[in-house]
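The block underneath contains the structure these notes are about, expressed in structure tokens.
Computation of the quantities below employed the complete heavy-atom set of this structure, encompassing side-chain atoms and omitting hydrogens, waters and symmetry-equivalent molecules. Just so it is clear, the structure is predicted and the values come from calculations on it, not from any experiment. Within every chain, numbering begins at 1; the chains are lettered A, B, ... in the order of the sequence lines, protein sequences first and strands thereafter.
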Amino acid sequence: MKEQYKPQEIEKKWQKTWEEKNIYKTPDRSEKPKYYALSMFPYPSGRLHMGHVRNYTITDVIARFKKMSGFNVLHPMGWDSFGLPAENAAINSGRDPAEWTFSNIDYMRDQLKQLGLAYDWDREIASCKEDYYKWTQWLFLEFYKAGLAYKKESPVNWCEKCATVLANEQVIDGKCWRCDEEVTKKKLSQWFLKITDYAEELLRDLDKLKGWPDKVKLMQKNWIGKSHGAVLKFKVAEIQDMEISVFTTRPDTIFGVTFMAVSPEYPGIEKLITDENKEKVYEYIENAKKMSEIERTSTERPKTGVPLGTHIINPFNGEKYPVWTGDYVLTEYGTGAVMGVPAHDARDFAFAKKFEIPVIEVIRPEGQAEKPLEDAYVEQGIMVNSGEFNGLDNETGKQRITEWAEANNAGYSQVQYRLRDWLISRQRYWGAPIPMIYCDKCGIVPVPDEELPVVLPSDVDFNVQGKSPVLTSETFVDTVCPVCNTPAKRETDTMDTFICSSWYYLRFIDPKNDRKVFDSDLVNSWMNVDQYVGGIEHAILHLLYSRFFVKFLRDRGLLNFDEPFENLLTQGMVLKGGVKMSKSKGNTVDPDEIFENYGADTARLFILSDSPPERDFDWTDAGVEGCYKFLNRVWRLIYNCSGKISFNYAIPAVDSLSKENRDLLRTTHKTIKGIKEDISSEFQFNTAISKCREFVNAIYDYTNKKKDYTDDDKAVLSGAIFTLIRLLAPITPHLAEEVWSEFGGEFSIHEKPFPEFDENLAKAENVTIAIQVNGKLRDTIEMPLNAPKEDVESLALSREKVRGYIDGKQLAKVIVVPNRLVNVVVK
RNA sequence: GGGCGAGUGGCGAAAUGGUAGACGCGCUAGUCUUAGGAACUAGUAGGAAACCCCUGUGUGAGUUCGAAUCUCACCUCGCCCACCA
């Protein structure tokens, strides 16, 4: 064994050996129980950042730990490789998106290998390769066949900078999730997936996800946004047979309606406008169109609106009220119209105040006398001014009003979701082409399965403004209709890349299948993913879409389970100086530099050691340095022991050992126990690493005190050192493999079992018991483990320090907590 | 505006009803060394030091023999959603 720790040398060496001997290859089937550990696969943006390093290290340690614990571990890696940056590279530097992407993949794959990650590289997939996107397209056609993929013209989110439409989930605070450009609305005909068909199940099955953080489940719940209410129908006074329907969660406030508001884009709004109002209303509608989404949906902005001139009739009391249009009414939610109840809705109240619309109070807190409303009252109460419904509590009122509406053809009860269908068309080049054909005779025709994949053309011009580069291809667009064989046009839009990432974890199980999307039996035997690790930023997007895909594929008979991810760990961000690492802030740390200066093992150790995985992690140079020093300290410890330790010693019976040998043996077992608990319960790698450090300190103490070693000493020391090496193996795999082999350990340490502990040996011989008087610590005593209660109590009471506090006072009570403390209560 | 989470040394953090601050970073003193930003030893919550003692986990109350931990109110910060009727 060399005196110096040279990570750069040993890491290269073992990475090569692991690859040559293919030790991380996962058999499809095995006698061992399966364990599927998965990190969210990266977008190949160029090089790894520290967020990747953290994500993949966490999953790698879990995978290695499970493998050493006897599982057949699937731990794959691939590339979420369609997406806009590749296209921007083509526009900015003239590089071919495919070439740009694959060269990034090559570089990043190399970095992942340098980090010493235990992947089965035979299963590598890239979503931009034909053998993958062929099946993405096939899945799209499955949705189409099931009636869950449809094309519809509607106002959609448009990002001018990316020159494409976006899904609702990709609009963050009114801005594009990728480039921060303000999103505008555009009316376009686009492809949607009918995720709303699964809204109820996506909501209900959140309860099954016991291994998910509550935070993520709550975010999904809010996003799905289920609300119970009623649709109520109002006749238009001036127009025969015309009705306006509204959705409301407060049917109990129907008698408080004093106006009706429809959105400026409300279908049929023209009919509602009387001649004398035309000019003003159209001006208002035009202005609303021009406004950005941010402006439009700002809650700060005062309410605006104009009356249309027509009126609605309240079916409950026959009263007539004016119809307004106001841009605070959303076109896409409910029916695009709301009943205005100023007394019991904050927005309606603000609207009514501004335009001097009457306010009718219909819900009043129980027992309160009538008084003018300063603000909308939105709490529970008793119904007033509501005809035959007066005196009901408003919850009962909701039901009665709905029943009355149903009986009188004036409405019905309704469940409404906030979730919208998933817009998946993108007017971009670098994505999976939507496999559809437009024929003048036959209409929209799917590409037959046997003609997949629809391959992306390479003869395109990327420097076109405002349209998809695919349209510039001379070979792609023109085709023939598969049904009638006459000339037809291909769909030129590509799919949202979130489609590609909604099923990749299934393909890893059967990555090379060229006949099917995957073998269902094999996938059923491997799923679910036992541990999924990734960033919280996917709490809604990717995780919701993937759940939707699995439910759909189950209903198509391809899968036999309901949810893809059993346990989810959302790791925190990597910060430096308290802020997120980013190129614009100039506080990034390049993994390559860390590998070069300290080695991968130091990087791995550090990124796990300072914070629990789900919390943000602050990168410090001193912290890296400290971890590097620790590994040097471990190396030195083992080097200094090299003449004394060997695999050949057997540890003698505990009773025959000296005190310090018994202590070191107990520390060894206690450490194994603690680390196993830390890793297997909550992946508390930070505390697991602390325990390793304490263990190293304890072994140092032992060796510092010793000059001559008996066989007993050598046996116990060997046990401690070899345990330490195996405990470190998942975290610092190269160092562990190196020292393991130096002492003649059989290759590979990563195929050896994780250390086991003996429950009795993990217990301390003596415990320190705290003595409190009236809850305040006054003394401590050493006692053997499990000493009888009476002995502990009498010893505690006889202590001099304790006597000083209790003499002359009345002893009220003595509480003895075994092996922990004694609390003497005096008056 | 609504929802959720978190507040502990100079710093990252341990401890989820039982000795607060494990482990580490930093700092201080010492040893070794030509020297060291290396290594080792000792110390390190505050009350100047020491034994003792007192105080101390955002603030205030409460439950308990005992509270960082449980309950209530408030303050601050972070995240998510946000004109969703």
Side-chain angles (χ1 to χ4, degrees), chain A residues 172-174 213-223 225-227 229 246-250 253 261 263 296-301 303 326-330 332-341 344-348 350-351 378 416-420 536-537 539-540 572-573 575 578 606 609-612 614-627 629-630 632-633 636 684 686-697 700 704 767-781 801 804 812-826:
Chain A
I172 316 287
D173 291 336
D214 289 341
K215 183 166 66 164
V216 174
K217 287 189 275 189
L218 194 69
M219 280 165 68
Q220 292 212 354
K221 184 180 174 222
N222 291 339
W223 187 263
K226 183 179 184 177
S227 35
V246 299
F247 172 74
T248 178
T249 54
R250 295 297 303 274
T253 63
S263 80
R296 173 88 183 254
T297 57
S298 163
T299 50
E300 312 293 311
R301 198 166 55 96
K303 297 276 176 291
D327 61 13
Y328 81 97
V329 183
L330 302 176
E332 313 93 62
Y333 185 75
T335 61
V338 297
M339 60 184 211
V341 185
H344 305 291
D345 180 281
R347 295 152 302 183
D348 297 347
F351 193 83
V378 296
Q416 187 76 35
Y417 298 92
R418 218 189 65 117
L419 184 70
R420 312 283 153 79
I536 186 81
E537 66 273 17
I540 294 169
M573 288 187 298
L575 315 176
F606 177 49
S609 61
D610 262 20
S611 303
E614 63 279 1
R615 212 178 298 181
D616 287 350
F617 175 87
D618 206 355
W619 182 280
T620 59
D621 296 336
V624 191
E625 197 72 40
C627 285
K629 284 182 187 171
F630 173 68
N632 273 286
R633 192 168 142 82
R636 254 190 334 271
Q684 300 297 326
N686 55 331
T687 50
I689 290 166
S690 297
K691 289 180 176 98
C692 283
R693 287 177 179 271
E694 285 179 275
F695 190 31
V696 168
N697 291 345
Y700 261 107
N704 286 345
V767 288
T768 308
I769 293 173
I771 308 173
Q772 299 179 333
V773 178
N774 289 344
K776 275 193 196 292
L777 180 72
R778 296 303 180 190
D779 200 4
T780 58
I781 49 174
K801 278 186 187 169
K813 207 176 190 181
V814 180
I815 288 142
V816 181
V817 183
N819 299 322
R820 282 224 173 243
L821 64 64
V822 179
N823 188 12
V824 183
V825 185
V826 291

For B/rG30, glycosidic torsion class - syn if within 90° of 0, otherwise anti: anti
Atom-to-atom span, CZ of A/Arg301 to P of B/rG1 - whole angstrom: 19 Å
Produce the list of close N/O pairs, under 3.5 Å, pairing protein atoms with atoms of nucleotides 76-82 of chain B; give distances to one decimal.
from: B/rC81; atom 1: O3'; to: A/Arg418; atom 2: NH1; distance (Å): 3.3
from: B/rA82; atom 1: OP1; to: A/Arg418; atom 2: NH1; distance (Å): 3.0

Side-chain ion pair, A/Asp348 and A/Arg250, N-O less than 4.0 Å: no
Whole-Å gap separating P (B/rU64) and CD1 (A/Ile815): 12 Å
Please produce a list of atom pairs where a protein N or O lies less than 3.5 Å from an N or O of nucleotides 19-26 of chain B.
from: B/rU19; atom 1: O4; to: A/Thr768; atom 2: O; distance (Å): 3.4
from: B/rA22; atom 1: O2'; to: A/Glu694; atom 2: OE2; distance (Å): 3.3
from: B/rA22; atom 1: N1; to: A/Ser690; atom 2: OG; distance (Å): 3.3
from: B/rG24; atom 1: OP1; to: A/Asn697; atom 2: ND2; distance (Å): 3.1

Length of the CE-P vector between A/Met573 and B/rG5, whole Å: 19 Å
Residue from A/Val817, A/Val822, A/Val816 passing side chain to side chain contact (heavy atoms under 4.5 Å, CB included) with A/Ile769: A/Val822
Separation between the P atoms of B/rG62 and B/rC81, rounded to whole Å: 40 Å
Sugar-phosphate, base or nothing in reach of A/Val817, heavy atoms under 4.0 Å: base
Between B/rU16 and B/rG26 - C1' atom distance, rounded Å: 29 Å
Under the ring pair (Phe, Tyr, Trp, His ring centres under 6.0 Å) test, residues paired with A/Phe247 that sit two or more places apart: none
Partners passing side chain to side chain donor-acceptor pair (under 3.5 Å) against A/Gln220 (at least two apart in sequence or in another chain): A/Arg547
Pi-cation contact, A/Phe351 with A/Lys303 (under 6.0 Å, within 45°): no
Distance between C1' atoms of B/rG43 and B/rA50 (Å, rounded): 14 Å
Interatomic spacing from OG1 in A/Thr249 to CD in A/Gln416 - rounded to 0.5 Å: 10.5 Å
Whole-Å distance separating the NZ atom of A/Lys217 from the P atom of B/rG5: 13 Å
Between C1' of B/rC52 and CG of A/Asp779, the distance in whole Å: 13 Å
d(CZ, A/Phe351; C1', B/rA85) in whole Å: 13 Å
Between B/rU57 and B/rU76 - C1' atom distance, rounded Å: 16 Å
Inter-nucleotide P distance (B/rU31, B/rG37), Å rounded: 14 Å
C1' gap between B/rC4 and B/rA85, integer Å: 24 Å
A/Phe617 and A/Phe606 aromatic centres sub-6.0 Å: yes
Whole-Å P distance, B/rC75 and B/rG60: 15 Å
Sugar-phosphate only, base, or nothing, as touched by A/Arg296 at under 4.0 Å among non-hydrogen atoms: base
Atom NZ of A/Lys215 with >12 non-hydrogen neighbours under 6.0 angstrom: no
Of the listed nucleotides B/rU41, B/rA13, B/rC83, the one nearest the side chain of A/Asn704: B/rU41
Pairwise C1' distance, B/rA20 and B/rA15 [rounded to whole Å]: 7 Å
OP1 or OP2 of B/rC52 under 4.0 Å from side-chain N/O of A/Arg778: no
Between protein and nucleic acid, restricted to nucleotides 55-57 of chain B and to nitrogen or oxygen atoms under 3.5 Å apart, what atom pairs and distances do you find?
none

Touch class at under 4.0 angstrom, heavy-atom based, for A/Asn823 against every strand present: base
Sugar-phosphate, base or nothing in reach of A/Val824, heavy atoms under 4.0 Å: nothing
Residues which pass ring pair (Phe, Tyr, Trp, His ring centres under 6.0 Å) with A/Phe695, listed by chain and number, not counting sequence neighbours: none
Proximal nucleotide (of B/rC83, B/rA85, B/rA14) relative to the A/Asp327 side chain: B/rC83
Side chain of A/Leu218 (C-beta onward), nearest among B/rG66, B/rA85, B/rG3: B/rG3
From A/Ile815 atom CD1 to A/Asn823 atom CG, the distance as rounded to the nearest 0.5 Å: 5.5 Å
Toward the 5' end of RNA chain B, by each residue's nearest nucleotide, A/Arg250 or A/Ser611: A/Ser611
A/Trp619 CH2 - B/rG12 P separation (whole Å): 18 Å
